[in-house]
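Values in this document were obtained by computation on a predicted structure and should not be read as measured data.
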Amino acid sequence: MNSLLLWIHMVAGILWIGGLFFLVWGVYPVTRILPIFQQKQFLLQVMKWSHKGFASAGITVLITGFLMGISGPVNSLTMLFTTYYGKWWITSLFIGLCTLIWGTFIGYRAFIKVLSRDIIWKMAAKGYPRLLYISLLQVAFISSIEGLGFFMLIWLMVII
């Protein structure tokens, strides 16, 4: 049973982290060759289409990680707070939950907000892209917190 949970956990983690990184480093740069309004429409559709999948993958990672912990080394509250593994496990669970919440409710909404502000896209199409670039930079900064959460989770996996 633990082997199946581990497999599901790893596949969901790859889809969650890898998928988001692919969007940021693969899809977004390619959209720059499209006309400005097509960029907006394309990114809006990609974000709306992929959001539920990424959130589902993140939830799956958290659930499988929790199940593996309670069915393995962390089988009591005492073990959770008194063992090395238990402390790192609860830390990982907390960071994973914060990362999922941040990406689902803060990062995603910030990007949708920028994609929905027609005025900055119209200004960019007329040759004044500064406000659009500043807005996208702000979203990149907000979303980088989710990336930091991923980095911390991977680092914790190496420690544990």
Side-chain angles (χ1 to χ4, degrees), residues 1 3-70 89-158 160:
M1 181 66 166
S3 296
L4 178 61
L5 283 175
L6 179 60
W7 185 83
I8 293 170
H9 184 77
M10 291 176 64
V11 169
I14 290 167
L15 292 173
W16 184 25
I17 297 170
L20 286 170
F21 283 164
F22 175 72
L23 279 180
V24 171
W25 292 331
V27 174
Y28 175 71
V30 170
T31 63
R32 304 281 313 255
I33 64 171
L34 296 172
I36 198 79
F37 281 112
Q38 285 182 349
Q39 287 179 36
K40 175 189 172 204
Q41 291 305 318
F42 179 77
L43 289 171
L44 192 58
Q45 292 305 314
V46 166
M47 291 302 294
K48 287 182 177 181
W49 178 81
S50 63
H51 179 66
K52 290 178 185 171
F54 291 141
S56 297
I59 291 168
T60 302
V61 168
L62 291 176
I63 290 171
T64 55
F66 177 78
L67 292 174
M68 285 187 301
I70 63 170
W89 180 78
I90 196 73
T91 302
S92 298
L93 189 62
F94 178 75
I95 292 171
L97 185 60
C98 289
T99 301
L100 179 63
I101 290 170
W102 186 271
T104 302
F105 296 108
I106 298 172
Y108 172 75
R109 287 182 180 172
F111 196 40
I112 293 298
K113 184 177 176 181
V114 168
L115 291 173
S116 300
R117 291 181 60 201
D118 287 333
I119 188 72
I120 62 175
W121 292 88
K122 287 177 183 177
M123 288 174 62
K126 291 183 179 181
Y128 303 100
R130 183 176 167 87
L131 188 55
L132 176 61
Y133 292 154
I134 290 170
S135 298
L136 291 173
L137 188 61
Q138 289 171 340
V139 168
F141 177 74
I142 290 168
S143 297
S144 68
I145 295 170
E146 187 177 12
L148 177 63
F150 290 146
F151 175 77
M152 290 178 1
L153 287 171
I154 292 168
W155 181 70
L156 284 170
M157 282 190 295
V158 172
I160 297 175

So which heavy atom on V61 is nearest to which on G13, and how close?
-> CG2-N, 3.3 Å
What pairs of residues pass the side chain to side chain donor-acceptor pair (under 3.5 Å) test when at least one of them lies in residues 7-18, not counting sequence neighbours?
-> H9-T64
Find the distance between NE2 (H51) and CG (L23) and round it off to the nearest 0.5 Å.
-> 12.5 Å
First locate atom CH2 of W25, then atom CG of L20, and finally report the distance between them rounded to the nearest 0.5 Å.
-> 11.0 Å
Spacing of OH belonging to Y133 relative to CZ belonging to R130, to within rounding of 0.5 Å = 12.0 Å
Given side chains that start at C-beta, do those of T31 and Y28 come closer than 4.5 Å, heavy atoms only?
-> yes
Using a cut-off of 6.0 Å, state whether more than 12 heavy atoms not belonging to F151 lie near its atom CZ.
-> no
Of the non-hydrogen atoms in Y108 and M47, which two are nearest, and what is the gap between them?
-> CE1-O, 3.6 Å
For Y128, look at atom OH and say whether over 12 heavy atoms of other residues, nucleotides or ligands are found less than 6.0 Å away.
-> no
If you measure from CZ on R109 to NZ on K113, what distance do you get to the nearest 0.5 Å?
-> 12.0 Å
L15 and F54 have their tightest heavy-atom pair at O-CE2, 3.5 Å
How many angstroms lie between CD in Q45 and NZ in K40, if you round to the nearest 0.5 Å?
-> 11.0 Å
So, for W121 and V114, which heavy atoms are closest and what is the spacing to 0.1 Å?
-> NE1-O, 2.9 Å
May I ask you to decide if G65's main-chain N or O and W89's side chain share a donor-acceptor pair within less than 3.5 Å?
-> yes
Can you see which heavy atom on I120 is nearest to which on R117, and at what distance?
-> CG1-O, 3.2 Å
I36 versus A125, closest heavy-atom pair with distance | CG2-CB, 3.2 Å
Output a table of donor-acceptor pairs, distance under 3.5 Å, between side-chain atoms of residues 97-107 and any protein atom two or more places apart or on a different chain; print 'none' if there are none.
residue: T99; atom: OG1; partner: I95; partner atom: O; Å: 2.7
residue: W102; atom: NE1; partner: I142; partner atom: O; Å: 2.8
residue: T104; atom: OG1; partner: L100; partner atom: O; Å: 2.7

Spatial distance of atom NZ (K122) from atom CG (L132) [nearest 0.5 Å] = 14.0 Å
